[in-house]
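Report on the following structure.
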Amino acid sequence: MSVEFIGMIGTRDASELHSPTVSITGGSIDLGYVRKFAKVHEDGGFDRVLVGYSSTGPDGFNVVSYVAAATERLKFLLAHRPGFVSPTLAARKLATLDHFSNGRVAVHIITGGSDAEQQRDGDWLDHDTRYRRTDEYLDVVRRVWTSTEPFDYAGEFYQFKGAFSDVKPIQQPHIPIYFGGASGAAVGVGAKHSNVYAFWGEPIAAIKQRIAEVKAASPPGKDLRFSISLRPILGETEAKAWDKAHYILSRINETRRNAGIQLSPDAARPEAVGSLRLLDFAKEREIHDKRLWTPIAAATGARGNTTALVGTPEQVAESLFDYYQAGVTTILIRGFDPVEDAIAYGRDVIPLVRQEVQRQERQTAIVA
């Protein structure tokens with residue numbers, strides 16, 4: 001049950017503070033920044049870093065390959081959108097990357113919650129049909145990774161004869177599969193295929209409910225883990241943390257006004273169910289639980305993981321441990337000042353959470 005910490009890297013310095021139109025998954029490529037960003041996470045004790053996906057951003061396979069050569073211990077979570085390369089090819093590409101990274105790669109399946117995003121890459125399937133395709137896609141990928149003989153496959157979206165790969169993943173029985181998706185169509189597919197099911201930063205009661213829903217949809221006896229993504233905002237005191245949070249919100253609103261972007265999320269409601277859920281929580285109240293803060297999600301239309309934990313390192317660590325006790329064992333944290341926040345998380349937050357998790361595990365072992 002030990003906790004896993006994941007950060008997120010991009011290929012240039014970008015966040016909501018700098019521009020409302022360039023995210024951490026987009027933009028140009030600064031090789032020195034990429035190396036620095038990855039090393040900050042490795043030195044800070046993160047287990048993995050997410051390399052995101054967008055229809056306008058750099059290719060994640062190449063980013064992971066580059067960063068793997070610049071690091072030694074750090075693992076990678078490669079966001080991958082099914083449907084744009086053949087699943088047989090994707091399986092071979094991922095298995096090859098697993099070898100060149102010495103077994104440090106996992107794949108994060110994001111089927112896609114925006115029609116516009118999909119159509120930029122030529123995909124015109126509707127939301128639920130995309131998830132049916134993802135189901136087939138992952139069926140094929142897993143068989144390519146594990147099959148010792150060529151196989152045929154006949155599905156709604158994919159047909160293969162004699163599919164096979166000489167290269168198999170280092171990690172056995174296969175590369176870990178993480179999965180994101182909040183819709184009803186997503187739950188069945190993710191519960192079936194994933195090792196880790198990922199949620200955005202919702203209140204603890206909602207996370208418990210979602211964990212129960214995914215477990216109910218998973219095959220009997222399956223060992224399924226759960227992840228949450230949050231944006232901690234730290235301060236030396238709680239008051240300073242809240243001052244910083246309100247500054248970040250004001251800065252985000254300013255950049256959006258300067259870009260002529262409507263601030264009201266109701267003006268352009270996102271399609272992604274996960275985003276809609278965050279907006280609903282933001283409408284309910286600004287603060288959920290002890291310190292889950294929602295106004296940034298409301299200001300940005302919740303396009304991405306945009307809910308924050310606000311407080312001192314000790315308070316934020318306490319809230320992260322609360323999620324662990326709710327059943328979450330993977331925690332993705334990234335900041336609004338990407339490099340400096342990653343340094344602070346590694347120095348001030350991650351050790352505290354690991355200490356508390358280890359303490360609980362020792363107590364559990366004694367009772368057992």
Side-chain angles (χ1 to χ4, degrees), residues 1-9 38 41-42 45-53 60-61 63-65 67-68 71-82 85 87-111 131 134-147 165 167-181 186-200 210-211 214-215 217-219 221-229 305 323-324 327-334 357:
M1 285 286 289
S2 291
V3 66
E4 175 187 48
F5 276 96
I6 301 180
M8 185 173 183
I9 63 171
H41 284 87
E42 183 166 60
F46 284 82
D47 298 289
R48 295 186 187 272
V49 287
L50 172 65
V51 175
Y53 182 100
F61 281 87
V63 175
V64 170
S65 183
V67 177
T71 55
E72 297 177 358
R73 180 197 58 81
L74 190 65
K75 297 180 181 180
F76 308 100
L77 182 57
L78 172 61
H80 180 66
R81 187 171 289 171
V85 299
T88 52
L89 174 58
R92 298 197 307 275
K93 285 165 64 72
L94 286 162
T96 303
L97 190 58
D98 199 38
H99 279 267
F100 280 104
S101 67
N102 195 27
R104 290 188 282 155
V105 68
V107 62
H108 182 45
I109 299 298
I110 47 168
T111 297
Y131 277 99
T134 293
D135 188 17
E136 284 192 14
Y137 192 92
L138 291 175
D139 274 338
V140 174
V141 166
R142 288 162 62 102
R143 287 190 65 180
V144 171
W145 282 340
T146 59
S147 179
S165 174
V167 58
K168 304 296 185 186
I170 289 179
Q171 300 173 87
Q172 292 296 315
H174 58 73
I175 291 168
I177 298 173
Y178 294 59
F179 190 95
V187 168
V189 178
K192 173 184 175 182
H193 290 287
S194 67
N195 302 104
V196 181
Y197 202 108
F199 307 126
W200 281 344
R210 296 199 61 199
I211 287 174
V214 176
K215 282 184 174 180
S218 66
K222 181 174 182 178
D223 181 18
L224 185 59
R225 293 177 289 126
F226 297 94
S227 168
I228 192 165
S229 299
N305 58 316
Y323 283 103
Y324 175 83
V328 169
T329 56
T330 290
I331 297 171
L332 191 155
I333 48 176
R334 66 184 182 100
V357 168

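Because the structure is predicted, anything quoted here is derived from the model rather than measured. All residue numbers refer to positions in the sequence shown, counting from 1.
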Got a list of side-chain donor-acceptor pairs under 3.5 Å for residues 87-94, not counting sequence neighbours?
| from | atom 1 | to | atom 2 | distance (Å) |
| --- | --- | --- | --- | --- |
| Thr88 | OG1 | Ser86 | OG | 2.7 |
| Arg92 | NH1 | Thr88 | O | 3.4 |

More than 12 non-hydrogen atoms from neighbouring residues, nucleotides or ligands closer than 6.0 Å to [atom1] on [X], yes or no?
{"X": "Lys168", "atom1": "NZ", "result": "yes"}
{"X": "Glu72", "atom1": "CD", "result": "no"}
{"X": "Lys222", "atom1": "NZ", "result": "yes"}

Once side chain to side chain contact (heavy atoms under 4.5 Å, CB included) is applied, do any residues pair with [X], and if so which ones, sequence neighbours excluded?
{"X": "Ser147", "answer": "Phe151"}
{"X": "Thr71", "answer": "Ala38, Lys39, Glu42, Val67, Leu74, Phe76, Arg104"}
{"X": "Ala198", "answer": "His108, Ser227"}
{"X": "Ala191", "answer": "Val214, Ala217, Ser218"}

Item to check | ring pair (Phe, Tyr, Trp, His ring centres under 6.0 Å) involving His80 - partner list, sequence neighbours excluded | outcome: Phe61, Tyr137

Item to check | With sequence neighbours excluded, residues passing side chain to side chain donor-acceptor pair (under 3.5 Å) with Tyr53 | outcome: Asp121

Checklist outcome for this item: The side chain to side chain donor-acceptor pair (under 3.5 Å) partners of Ser229 (sequence neighbours excluded) come to none

Among all residues two or more places apart in sequence or in another chain, which pass the salt bridge (Lys or Arg N to Asp or Glu O under 4.0 Å) test with [X]?
{"X": "Arg81", "result": "Glu117"}
{"X": "Arg48", "result": "Glu4"}
{"X": "Lys192", "result": "Asp135, Asp139"}
{"X": "Arg143", "result": "none"}

Item to check | Spatial distance of atom CD1 (Ile6) from atom OH (Tyr178) [nearest 0.5 Å] | outcome: 4.5 Å

